[in-house]
Trainee: 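Can you keep this structure in mind? I'll have questions shortly.
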Protein chains: 2
Amino acid sequence: MPKTTKKMESGRPSDGRSVNDRKPKEKRWQEILKAAAEVFYEKGYDAATLQEIADRVGILKGSIYYYIKTKSDLLDHLLTEVHNEGVAMIRKRSELTGTVFDKLDAMFRSHIEYMCRNQAKTTVYLHELKALDPKRRESLFRGHEFRDEFLALIKKGQAEGLILERLDPKLTAQTMMGWTNSLYQWYRPQPRKPVDQIADHFITIMLRGIATEKGLALLPTDR
Amino acid sequence: MPKTTKKMESGRPSDGRSVNDRKPKEKRWQEILKAAAEVFYEKGYDAATLQEIADRVGILKGSIYYYIKTKSDLLDHLLTEVHNEGVAMIRKRSELTGTVFDKLDAMFRSHIEYMCRNQAKTTVYLHELKALDPKRRESLFRGHEFRDEFLALIKKGQAEGLILERLDPKLTAQTMMGWTNSLYQWYRPQPRKPVDQIADHFITIMLRGIATEKGLALLPTDR
DNA sequence: CCTACCGATCGGTAGG
DNA sequence: CCTACCGATCGGTAGG
């Protein structure tokens, strides 16, 4: 007769949960997604348990299944979010005017800032895409959109004599993207260096690195 | 009485295993490590199962425990290997002579080549260090050695007027390392571009990116 | 009938 | 190295 014992437990007084009672559905769902992002970030998707996610929200593990069908639904939602925000950012930045270098500066800067300000989500995105089934993975992989943007700008810069012709556009775009994406590997929210300075260093090295002598004239001078 | 059923299975005739019988211990151990590297690379450490590793070697899951005490021993051995090979590489390259740029070129080139030629091991190293307990992780993290080498070279280059003074040495070293390490994210063993070309692109952009006007004179001309 | 969960336990599999 | 298992915990689901 374990029920009596259990009933004692379920009636436990003065636990921390009473505050969390009766949240509206959408708000609870956002709390769950946030907790999932944190746990996936800290442990990785496979090692993360629904138990820990539920603990952080203050509900029971089983209750999560009111919102999802399987564990991977959580990952799916998070990655979709990052994907959509990323695509929106590209759209926004590609409308900018100015030189090729101005555009590259703006695109990389917003990308870097997004990554640093959404570190957990971005890390999960870059680390756990492979945990998704191939179809979802392909549709959420935004590498192509980014790369195509860069690719076009690099070719334009080469045509204008601003970017070294000996660089292969595809390989260069790939290298650039990999570079920015590597930020999540070492950036930590409260480092000695602010986000601006990181972006400045990154963009300085990148733009000078690909610029011809003619192109260098458009960039800040050395000292 | 499930035992009889099990015995029938274990006595199965004409399975593929007979070829694998009675390998000397050290050789088997290397086979296990190799299989572990592959499975960790494909699935990630947490999602990898000892069953799959055993299957690839052609032994039973339980038999792996003749060689290890826990699953993490496999990870530990693999990461130690990568760590030691990396440290040895640094030692070798730091004895080189030439300009600061020559040394940076040699260091990055050997690092890039190692990463591309040991893709599975390197990926596991960069992805799964966090799965180790903090003490082992710290002792196997070779980031510091690498960064200190780069740091010294960058400062030397700045003192000689070859590298931009406005770049923060630590942040630049960190950025450079992150860049090379990001290679594993997209490099695949049989790509369109050979390893040499990748290294060339990478080093061109990096060295031109940090060089002063005076420094640029030491690098291959643009075109 | 619904929303928003809880208490308890399922089948299956992990490392050991 | 194999056979024969265990302790525990996983993701997921039942009824209320």
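Here is how names work: the chains are called A, B, and so on, in the same order as the sequence lines, proteins then strands, and each is numbered from 1.
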Trainee: Closest-nucleotide mapping onto DNA chain C: is B:Thr70 or A:Gly62 further toward the 5' terminus? I mean the 5' end.
Mentor: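 On the 5' side of the pair lies A:Gly62.
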Trainee: Whole-Å distance between D:dG11 P and A:Lys61 NZ?
Mentor: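 One finds 7 Å between P of D:dG11 and NZ of A:Lys61, rounded.
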Trainee: Of the nucleotides D:dG12, C:dG15, D:dC1, which one has an atom closest to the side chain of B:Arg28?
Mentor: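 Taking heavy atoms from C-beta onward, the closest nucleotide is D:dC1.
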Trainee: Using modelled atom types only, decide if a donor and an acceptor are shared between the side chain of B:Asn118 and the backbone of B:Tyr114 within a distance under 3.5 Å.
Mentor: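 The answer is yes, because a donor-acceptor pair under 3.5 Å joins these two groups.
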Trainee: Considering every strand and a 4.0 Å limit on heavy-atom distances, what is the contact class for B:Ala48: base, sugar-phosphate, or nothing?
Mentor: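 Here B:Ala48 touches the backbone only, sparing every base.
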Trainee: Just how far, in rounded Å, is P of C:dG15 from CD1 of B:Ile53?
Mentor: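 After rounding, the gap between these two atoms is 8 Å.
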Trainee: Measuring from the side chain of B:Tyr66 (C-beta onward, heavy atoms only), which nucleotide among D:dC1, D:dG12, C:dC5 has the closest atom?
Mentor: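 From the listed options, D:dC1 comes nearest.
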Trainee: Round to a whole Å and report the spacing from CG of B:Leu74 to P of C:dG16.
Mentor: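 Rounded to the whole Å, the gap is 10 Å.
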Trainee: In whole Å, I'd like the distance from the NZ atom of A:Lys71 to the C1' atom of C:dG12.
Mentor: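 Interatomic distance, NZ of A:Lys71 to C1' of C:dG12: 15 Å.
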Trainee: Which one, C:dC6, D:dC2, D:dG12, comes nearest to the side chain of B:Leu60?
Mentor: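 The answer is D:dC2, which lies nearest to the side chain.
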Trainee: D:dG11, D:dT3, C:dC5: which one has an atom nearest the side-chain heavy atoms of A:Ser63?
Mentor: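 Shortest atom-to-atom distance from the side chain points to C:dC5.
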Trainee: Is A:Ala54 touching bases, backbone alone, or none of the nucleic acid, heavy atoms closer than 4.0 Å?
Mentor: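 A:Ala54: no heavy atom of the nucleic acid under 4.0 Å.
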Trainee: Only one of A:Tyr125, A:Trp29, A:Phe40, A:Tyr67 passes ring-ring contact (aromatic ring centres under 6.0 Å, His included) with A:His77; say which it is.
Mentor: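 Option passing the ring-ring contact (aromatic ring centres under 6.0 Å, His included) with A:His77: A:Trp29.
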Trainee: Could you state the CD1-P distance from A:Ile59 to C:dC6, rounded to the nearest angstrom?
Mentor: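 Result: 7 Å.
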Trainee: Pairs under 3.5 angstrom only: tabulate donor-acceptor contacts from the side chains of residues 59-66 of chain A to other protein residues two or more places apart or in another chain.
Mentor:
from, atom 1, to, atom 2, distance (Å)
A:Ser63, OG, A:Leu60, O, 3.4

Trainee: Taking 4.0 Å as the cut-off, does a side-chain nitrogen or oxygen of B:Tyr67 come that near to OP1 or OP2 on D:dC1?
Mentor: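 Checking D:dC1 against B:Tyr67, a side-chain N or O does come within under 4.0 Å of OP1 or OP2.
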Trainee: Expressed as a whole number of angstroms, how long is the span from A:Trp29:CH2 to C:dT3:C1'?
Mentor: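 So the two atoms are 17 Å apart, to the nearest Å.
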